[in-house]
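Atoms within a ligand are numbered from 1 in the order they appear, just like the ligands themselves. All heavy atoms count here, side chains included; hydrogens, waters and symmetry mates do not.
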Amino acid sequence: MRPPPASPPLSLPPLALPAFEPGWVWLAGAGPGDPGLLTLHVVNALAQADVVVHDALVGPEILGFARTGAVLEYAGKRGHKTSIKQSEICARLVQLARRGKRVLRLKGGDPLVFGRGGEEALALVGAGVPFRILPGISAGVGGLAYAGIPVTHRTTNSAVTFITGHDARGQLPRDLDWQALAKGAPVLVVYMGLRHLPEIVERLLAGGRNPAEPLAVVSDASLPTQAVLETTLGRAAADVAAAGLAAPALIVIGEVVRLRGAMDWVGALSGRILVAEPEAGAAVLQG
Ligand code: SAH
């Protein structure tokens, strides 16, 4: 992605954003990666927090918004490498709040979309620690927008289904009815799905999905390292393995993927010519 021209200084009208009281935890989402997708609430939180307990998806540029002197504490879990247990993170948030800190728990995307924010909120309720929730832009919506893929489009789908490719044990979730998804979900957006992609494809094909259906994998959505692979359901497993795309990545399956040919505005910023009718053919990998 070509670096944007220097922006004019940002001047905001007066805003009544909340004061961060000591002993509170704010559970917040930082969006998919581009710092411009932070909400004003999260910028306000970063400017006041004593401790920022963040996960692996929150990048250094975003952490750079923290006030001088704030402690940055990594509580990351990446893929199946579970470095810190969820119960330990919850206990740590409670402990810091009880020490009178202003605790910002900052996660990628939205804290309540496959982010275990609900579990943390319930732990705070259980411990009697006051909290706020600051929503963020989920990667499955805003990240896909950076790939020029709308999650709904009037002529293609009136519903979108968000699924996770793995459960707490790292397995494909057992409570998903793949036959029903294959039949009833026109657009599927899969978080954490790279590892189980061949299995996901197999189940959808077994449920009657067309192997020619478009599929895209978007890695590092909204970041300068964003890469998009466009392929089909039938070819996805082989193409993804060959392209060597790395997490974090989203998989999107459905007709909306075709709109990228016309709507890839990030590609257009670096000189890609947009087409009204995307060409069928070989997989396309674009950085
Ligand atoms: N709470 C987050 C999701 C956390 S689960 C949200 O709302 O976005 C982690 C998964 O999110 C990753 O495995 C990946 O599937 C997806 N993800 C998060 N950020 C991403 C990004 N910048 N690009 C692509 N996928 C991303």
Nearest to [atom], what protein heavy atom do you find, and at what distance?
| atom | result |
| --- | --- |
| atom 10 (C) of ligand 1 | M192 CG, 3.7 Å |
| atom 22 (N) of ligand 1 | P32 O, 2.8 Å |
| atom 18 (C) of ligand 1 | A139 CB, 3.5 Å |
| atom 11 (O) of ligand 1 | Y191 CD2, 3.4 Å |

- Message: For ligand 1 and G108, I'd like to know whether there is a polar contact (N/O to N/O, distance under 3.5 Å).
- Response: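 Min N/O separation from ligand 1 is below 3.5 Å for G108.
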
- Query: Looking at ligand 1, does any of its N/O atoms fall within less than 3.5 Å of an N/O of V113?
  - Reply: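 Yes, V113 has an N/O under 3.5 Å of an N/O on ligand 1.
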
- Message: With a 4.5 Å cut-off on side-chain heavy-atom distances among I, L, V, M, F, W and Y, is there a chain of contacts connecting V58 to M192?
- Response: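 Cluster IDs for V58 and M192 differ.
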
- Message: Pairing donors with acceptors under 3.5 angstrom, does anything connect the side chains of T225 and D220?
- Response: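 Present: a donor and an acceptor within the cut-off.
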
Which is it for [X] and ligand 1 at heavy atoms under 4.0 Å: side chain, backbone, both or neither?
| X | answer |
| --- | --- |
| A247 | neither |
| L194 | neither |
| D220 | backbone |

Ligand 1 atoms in contact with [X] (distance to a heavy atom under 4.0 Å):
| X | result |
| --- | --- |
| G109 | 2 (C), 6 (C), 7 (O), 8 (O) |
| L250 | 24 (C), 25 (N) |
| V218 | 24 (C) |
| L57 | 9 (C), 18 (C) |

- ring-ring contact (aromatic ring centres under 6.0 Å, His included) partners of F20, counting only residues at least two apart: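 F20 satisfies ring-ring contact (aromatic ring centres under 6.0 Å, His included) with W26 once adjacent residues are dropped.
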
- Message: Nearest 0.5 Å, please: how far is OH in Y191 from CD1 in I251?
- Response: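 That separation rounds to 12.5 Å.
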
- Over all atoms of both residues, closest heavy-atom pair of P111 and L27: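 Result for this residue pair: CG-O, 4.0 Å.
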
- Task: Please name the pair of heavy atoms, one in G143 and one in P32, separated by the smallest distance, quoted to 0.1 Å.
- Result: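 Of all heavy-atom pairs spanning G143 and P32, the closest is N-CG, 4.0 Å.
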
- Message: Tell me the nearest of A249, A221, S138 to atom 7 (O) of ligand 1, using heavy-atom distances.
- Response: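 Comparing heavy atoms across A249, A221, S138, the nearest one to atom 7 (O) of ligand 1 lies in S138.
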
- Task: Pick whichever of Y146, F162, F114 has a heavy atom sitting closest to atom 4 (C) of ligand 1.
- Result: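 Shortest heavy-atom distance from atom 4 (C) of ligand 1: F114.
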
- Check whether any side-chain heavy atom of H196 lies under 4.5 Å from a side-chain heavy atom of H166, and answer yes or no.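 A side-chain contact under 4.5 Å exists here.
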
- Query: Between E255 and P214, is any pair of side-chain heavy atoms under 4.5 Å apart?
  - Reply: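 Heavy-atom side-chain distance check passes, below 4.5 Å.
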
- Does even one non-hydrogen atom of S222 get within less than 4.0 Å of ligand 1?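 No heavy atom of S222 comes that close to ligand 1.
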
- Stepwise side chain to side chain donor-acceptor pair (under 3.5 Å) check, Q95 with R98: CA-CA 5 Å; Q95 181 188 52; R98 286 192 175 146; over 6 Å; no

- Message: Tell me if a side-chain donor or acceptor on N44 pairs with a main-chain N or O of P18 at a distance below 3.5 Å.
- Response: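 Answer holds: yes.
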
